[in-house]
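Single-structure report; data block below.
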Amino acid sequence: MPVAIVGLSTVSAAVSPLSELGSALHAVGAPDHHPVDLPPLPAGLRRRAGRWAFTTRAIRATPFVSVWAADETIEAQLDHLRALPARRLAAQLLRPIGDAAAALRYARARGVDDQVAALVERPGPAVAEFLEFLAEAWDGWFAARWPAVRPVLAARARRFALDVTAGGPAAALAGLDPSITVAGGGVSIAKVRSGRHDVARRGLVVVPSTLIRPHVYVADVTGRPLVLIHPAAPGPPVPPARDLLRRLTALANPGRLEVARAIATEPRTAGEIAARWQVDATLVNRHLRELAAAGLARPTRRGRFVQYELDAAAVDALGGDLLGLLLR
């Protein structure tokens, strides 16, 4: 279940202070899977961040995934937003929830009905409040971090450009993160939700982030280049969905789970398990082979016998691997 990106004719890298601010607001609001060293938000700013948190959660509002000119400052990016008609910017802020009708429908369940209603019915004051929030979040919280972060992002963007020149865009993209592999004339990103993006006409822009991990975020905004926000430093590899599904399926079978328990503390053969627990040896052998094929058991041949031992590390990693795939 990967996300495929093909048509890699126009691929570039960009550094965006507004994108990194969005990642910072996301990270500080989700410390359970973003254990990063960020200063706490001041009390007043924390309350405002809570009201606008829906713009930086699972789906980012359009300003955080927009393509900006090279080396633009946060001030220039905010000026671009201020120049937009209020209703257009309001629609961009509602992107994580949907169009106006969908946003109004689901806003109460998200606890943001006041904010969403203001964006739909009174976009001028609402977007002015949002822009004030961004300026305050930058000046009063994130600006001190940016001088150390920007060189890291710029160096990663330059390296990507060199990799594109040296080996082509697909190989350069595959070097961004273990979840990205060269496939089918483009690249494939290991995710739970499938998708396919042909960027031959619209282009692809990759944006490094020091705060996006564990996510590899693909932003598909109609009429704009596809944006890929990736960790500036690659994260640990996570097995693809098909491998995790095979492991989960293997352990979901009650009989196979009993066989897994039988080899959890010491290696055993199918015959020994069958004799000790009075079960069919052929069925036990089938269960053992499936556990081994799923990467959950290790077979060892001893003469004419084959012993199987549970791979405890693989079973232990299953929860973390699954969470990593779901968060990507």
Side-chain angles (χ1 to χ4, degrees), residues 1-6 32-33 35 167-168 170-196 213-216 230-231 233-328:
M1 293 184 286
V3 171
I5 304 177
V6 299
D32 54 331
H33 65 270
L173 288 166
L176 295 178
D177 190 82
S179 67
I180 306 175
T181 54
V182 178
V187 295
S188 175
I189 306 176
K191 283 180 171 283
V192 170
R193 187 173 183 272
S194 298
R196 186 179 186 276
R213 188 190 294 175
H215 313 304
V216 175
H230 66 91
V238 174
R242 64 177 181 275
D243 293 350
L244 285 172
L245 284 172
R246 185 164 191 178
R247 293 181 187 182
L248 293 170
T249 301
L251 294 174
N253 182 288
R256 203 171 294 127
L257 194 62
E258 290 184 8
V259 171
R261 179 182 179 276
I263 60 172
T265 54
E266 61 178 312
R268 287 190 167 107
T269 65
E272 182 183 352
I273 296 171
R276 181 174 291 273
W277 281 279
Q278 290 81 50
V279 290
D280 179 67
T282 301
L283 182 60
V284 172
N285 194 50
R286 190 179 307 139
H287 285 327
L288 287 169
R289 287 181 177 178
E290 182 58 35
L291 288 169
L296 297 173
R298 295 186 295 264
T300 302
R301 178 166 290 280
R302 300 190 183 281
R304 64 187 183 89
F305 298 103
V306 179
Q307 285 186 324
Y308 288 84
E309 182 178 15
L310 190 72
D311 188 335
V315 176
D316 185 58
L318 187 57
D321 286 346
L322 178 59
L323 182 60
L325 179 64
L326 294 175
L327 289 175
R328 177 177 294 145

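These values consider heavy atoms only, across backbone and side chains, with no hydrogens, waters or symmetry-generated copies.
Between P267 and T300 the shortest side-chain heavy-atom distance does not fall below 4.5 Å. Contact annotation: the side chain of P239 approaches that of L244 to within less than 4.5 Å [non-hydrogen atoms, C-beta and beyond]. Counting heavy atoms from C-beta outward, P299 and Q307 have side chains that stay 4.5 Å or more apart. You'll find the side chain of P234 reaches within 4.5 Å of the side chain of P178, heavy atoms only. Residues T269 and V306 have side chains not in contact (no heavy-atom distance under 4.5 Å, counting atoms from C-beta outward). Between V279 and V284 there is a side-chain heavy-atom pair separated by less than 4.5 Å.
The salt bridge (Lys or Arg N to Asp or Glu O under 4.0 Å) contacts involving residues 317-328 comprise R247-D321, where partners must be two or more places apart or lie in separate chains. Applying the salt bridge (Lys or Arg N to Asp or Glu O under 4.0 Å) rule to pairs touching residues 299-310 yields R298-E309, sequence neighbours excluded.
Between the side chain of K191 and the main chain of V216, a donor-acceptor pair closer than 3.5 Å is present. The main-chain N or O of A275 is found under 3.5 Å from a side-chain atom of Q278 such that the two form a donor-acceptor pair.
Residues forming a side chain to side chain contact (heavy atoms under 4.5 Å, CB included) with L283 (at least two apart in sequence, or on another chain): D280, R286, H287.
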**Request:** Give the C-alpha distance, both sets of side-chain angles, the deciding distance and a yes or no for side chain to side chain contact (heavy atoms under 4.5 Å, CB included) between V187 and T181.
**Result:** CA-CA 5 Å; V187 295; T181 54; over 6 Å; no

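With salt bridges taken as basic N to acidic carboxylate O contacts below 4.0 Å, none links R256 and E258.
Note that CD of E272 is 10.0 Å distant from CZ of F305, once rounded to the nearest 0.5 Å.
Side-chain contact, H230 with H215: no donor N or O sits under 3.5 Å from an acceptor N or O.
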